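Down below is the structure, laid out as structure tokens.
Remember, it's a predicted structure, so these values are computed and weren't measured experimentally. Just so it is clear, the values below take in all heavy atoms, side chains as well, and ignore hydrogens, waters and symmetry mates. Throughout, protein chains are lettered first and strands after them, A, B, ... in sequence-line order, and every chain is numbered starting at 1.
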Amino acid sequence: MRWSQVFIPTLREDPADAEVASHKLLLRAGYIRQLSAGVYSYLYLGQRTALKIMQIIREEMDRIGGQEFYLPALHPAELWQETGRWDQMAATMFQLKDHSGRDFCLGMTHEEVMADIARHELRSYRQLPQIWYQIQVKFRDEARPKSGLMRLRHFIMKDSYTFDLDDAGLDASYKKHYDAYCRIFTRCGLHYEIVEAHSGAMGGSQSHEFMVVSPAGEDRIAICVKECGYAANLEKARAGLKPVSDPPGDPKPEVFPTPNVRTIEELVGFAGVKPEFLMKALVYVIPAADKGKQKDQIVLALVRGDHQLNEAKLGDALGGAPFRPAHPDEIRAHFGAAPGFIGPLGQKGVRILLDDALRGRRNLTTGANQNDHHVRHVTPERDFTGEYHDLRLVADSDPCSRCARPLRVASAIEVGHIFKLGRRYAESMGARVLDRDGRQVTLVMGSYGIGVERILTAAVEQHHDPEGMKLPRSIAPFDVVLTPVNLNEEPIRQAAEQLYAGLREARVEVLYDDRDERAGVKFKDADLIGVPVRLTVGKKAAEGKVEISERSTGQRADARISEAVGLVRSRYCG
RNA sequence: CGGGGCGUGGCGCAACCUGGUAGCGCGCCUGCUUUGGGAGCAGGAGGCUGUGGGUUCAAAUCCCACCGCCCCGACCA
């Protein structure tokens, strides 16, 4: 393409609304423009890279036997009501009515639609397994869209769904996706981590996320520095413990005054006790399902003073029941003391959960359920009882639960997520086939997502410098930018035109900067949009030479014009 | 949804506190010069100051309401 004829609206300055590097650069380089919060238009360059990313995904999905569908984005409410997600997802779903008042929504994902096709069409185990996928727009009414293409309300997702006869079949389908995802992200030039993921409200037995470590990411993961292989989403991550030796003896619990000492830090300063000898008490409420008949359930979660509670784990421990932090007045009503002075002693009708790190501990200090007082010499089991669960949020440099080396906690961008769904959707929607013995068997499903914009965002975050993007060739909008330094000089113009024709002939995707601009402007723009290779045609054109430079490394070398096309092809477009 | 910030030519900003009818840089258009890292000179186009209401002789500026965007938090298969 000739630059003078395509629309690449580059910006000299950072847009005021952009904070993270990828957002600034994608705007400045003319890839995208914002239409509304979390809604972006993809201009020429943005669409070119999006198409390349989608093509890589498509090739790898096809390679594992995936079949591409195109499904509606507009769904009738009944479909989502069948699985209960119409109400469950209402907060983040775009719901609307048609002219006659019938309810519809814009699809956030396509389990229901795919399962609907499956239940109508799949009859026999002989038709299994199936891998169906689509690459399509999804809608989520995110409470807070952010960071450019990081969290969108309107985004492109590759989502695939597998249908198998049994768990072994699901395992195989899952493995295929796992491997395909590795190939996809590698081909997109990403350095990524695969982490164990929390299944969350979706249920399901196993789940992995593909994460690109970046300070701009909004997820947090724990990775073992020793590469013993352990890596997990922080919601799910477990860690070992460094041993703590408690004071010996069996003194009785003793209440002592702690005026205005509410936080762990204050208590450490006031009582001179290290935080690992403290027990932090957090109060949660499980609201009663039937307000008239039942009372809200009060839950007391106890963790070590220097630990933090992981609410995802708490949710698991509570069996998936909805819960929320208690309000201060609820705490006062149930415990007779203000937040900051709460503890487990003498509580009735309160469900007590202890973090595993408190197992076998003794002589701990905690709240006395009396304002301005704490109590010391508290020993679990002897003084109170509760259920033990893993409730702790892993912190940076905690020992790896597998190899005891330190764990690193890092921010990351979730680019892919694979999920063993099991039978939930198939069951609620009645998707069954006949097995070998002629019996009705519920299908076993998996679901697997990739965020197309997230790949682009992550790639820019991972590959950029102050001058602009440095996209890997596989997803860059062009292979080569051809930059004549001054088109008014006839040898330069001739050489450039000759090279442009030669590159096109050789099927190299070339952007020919034929604009009537000064060299500096062209260089700046080329660096900004991140084309991996630049062919600069300057004064040496008269001697039959051009310069080849690499955006990612900055390396430059001269080449003979006659050989330049072949060189570029063999070295960069293989 | 809670907290904070911001809405002024295409972009980045100033003028607002202390009301008097809008300015700077970049970009854009024309011409001349220049030509390997965002050129110089000259001339020019472009803004009912987010919307609605109020106060005032007079509102970008003060007051009220609304809308939008960004950031932090909550939320997030």
For the side chain of [X], starting at C-beta, report the closest nucleotide among [options].
{"X": "A/R151", "options": "B/A77, B/C72, B/A74", "answer": "B/A74"}
{"X": "A/D17", "options": "B/C69, B/C75, B/C71", "answer": "B/C69"}
{"X": "A/V521", "options": "B/G38, B/A77, B/C1", "answer": "B/G38"}
{"X": "A/S147", "options": "B/C71, B/C69, B/U35", "answer": "B/C71"}
{"X": "A/E111", "options": "B/C13, B/C75, B/A77", "answer": "B/A77"}
{"X": "A/R28", "options": "B/G38, B/C71, B/A39", "answer": "B/G38"}
{"X": "A/R85", "options": "B/G38, B/A77, B/C75", "answer": "B/A77"}
{"X": "A/F523", "options": "B/G38, B/G37, B/G12", "answer": "B/G37"}

May I ask which nucleotide in the shown strands pairs with [N], Watson-Crick or G-U wobble, both distances under 3.5 Å?
{"N": "B/C1", "answer": "B/G73"}
{"N": "B/G68", "answer": "B/C6"}
{"N": "B/A39", "answer": "B/U33"}
{"N": "B/U49", "answer": "none"}
{"N": "B/C62", "answer": "B/G54"}
{"N": "B/C28", "answer": "B/G44"}

Taking atom [atom1] in both [N] and [M], what distance in whole Å separates the two?
{"N": "B/C57", "M": "B/G44", "atom1": "P", "result": "40 Å"}
{"N": "B/A14", "M": "B/G7", "atom1": "P", "result": "7 Å"}
{"N": "B/C71", "M": "B/C62", "atom1": "P", "result": "26 Å"}
{"N": "B/C16", "M": "B/A60", "atom1": "P", "result": "14 Å"}
{"N": "B/G23", "M": "B/C32", "atom1": "P", "result": "30 Å"}
{"N": "B/G37", "M": "B/C6", "atom1": "P", "result": "40 Å"}
{"N": "B/G19", "M": "B/G54", "atom1": "C1'", "result": "15 Å"}
{"N": "B/C66", "M": "B/G27", "atom1": "C1'", "result": "34 Å"}

Using a 4.0 Å heavy-atom cut-off across all strands, classify [X] as base, sugar-phosphate, or nothing.
{"X": "A/R534", "answer": "base"}
{"X": "A/E311", "answer": "sugar-phosphate"}
{"X": "A/A16", "answer": "sugar-phosphate"}

Any side-chain N or O of [X] under 4.0 Å from OP1/OP2 of [N]?
{"X": "A/R12", "N": "B/C26", "answer": "no"}
{"X": "A/S36", "N": "B/C69", "answer": "yes"}
{"X": "A/K522", "N": "B/G38", "answer": "no"}
{"X": "A/R144", "N": "B/C72", "answer": "yes"}
{"X": "A/Q34", "N": "B/C70", "answer": "yes"}

Compute the centroid of each ring, for [X] and then for [Y], and state whether the two points are separated by less than 6.0 Å.
{"X": "A/F69", "Y": "A/W132", "result": "yes"}
{"X": "A/Y181", "Y": "A/F210", "result": "yes"}
{"X": "A/Y40", "Y": "A/H23", "result": "yes"}
{"X": "A/H417", "Y": "A/Y448", "result": "no"}

Does [X] contact [N] through a side-chain donor or acceptor facing the base, at a distance under 3.5 Å?
{"X": "A/R556", "N": "B/G37", "answer": "yes"}
{"X": "A/N486", "N": "B/G36", "answer": "no"}
{"X": "A/R324", "N": "B/A74", "answer": "no"}
{"X": "A/E517", "N": "B/G37", "answer": "no"}
{"X": "A/D527", "N": "B/G37", "answer": "yes"}

[X] [atom1] to [N] [atom2]: how many Å, rounded?
{"X": "A/R518", "N": "B/G27", "atom1": "CZ", "atom2": "P", "answer": "12 Å"}
{"X": "A/I8", "N": "B/G38", "atom1": "CD1", "atom2": "C1'", "answer": "16 Å"}
{"X": "A/R493", "N": "B/U35", "atom1": "CZ", "atom2": "C1'", "answer": "14 Å"}
{"X": "A/K236", "N": "B/C76", "atom1": "NZ", "atom2": "P", "answer": "18 Å"}
{"X": "A/D525", "N": "B/G38", "atom1": "CG", "atom2": "P", "answer": "12 Å"}
{"X": "A/D159", "N": "B/A77", "atom1": "CG", "atom2": "P", "answer": "16 Å"}
{"X": "A/E19", "N": "B/C69", "atom1": "CD", "atom2": "C1'", "answer": "13 Å"}
{"X": "A/K146", "N": "B/C70", "atom1": "NZ", "atom2": "P", "answer": "12 Å"}

Return the orientation label for the A/Y284 and A/F323 ring planes: parallel under 30°, perpendicular over 60°, tilted otherwise.
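Plane angle over 60°, so perpendicular.
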Pair A/R85, A/E111 - check salt bridge (Lys or Arg N to Asp or Glu O under 4.0 Å), show working.
CA-CA 11 Å; A/R85 295 211 294 176; A/E111 276 83 7; 3.1 Å; yes
Polar side chain donor-acceptor pair, A/H110 to A/Q134, under 3.5 angstrom
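Distance-only check passes for A/H110 and A/Q134.
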For a quick check under 3.5 Å, do A/D514 and A/S4 share a side-chain donor-acceptor pair by atom type?
yes
Given the options A/H75, A/Q95, A/Q88, A/W80 meets side chain to side chain donor-acceptor pair (under 3.5 Å) only with A/H75
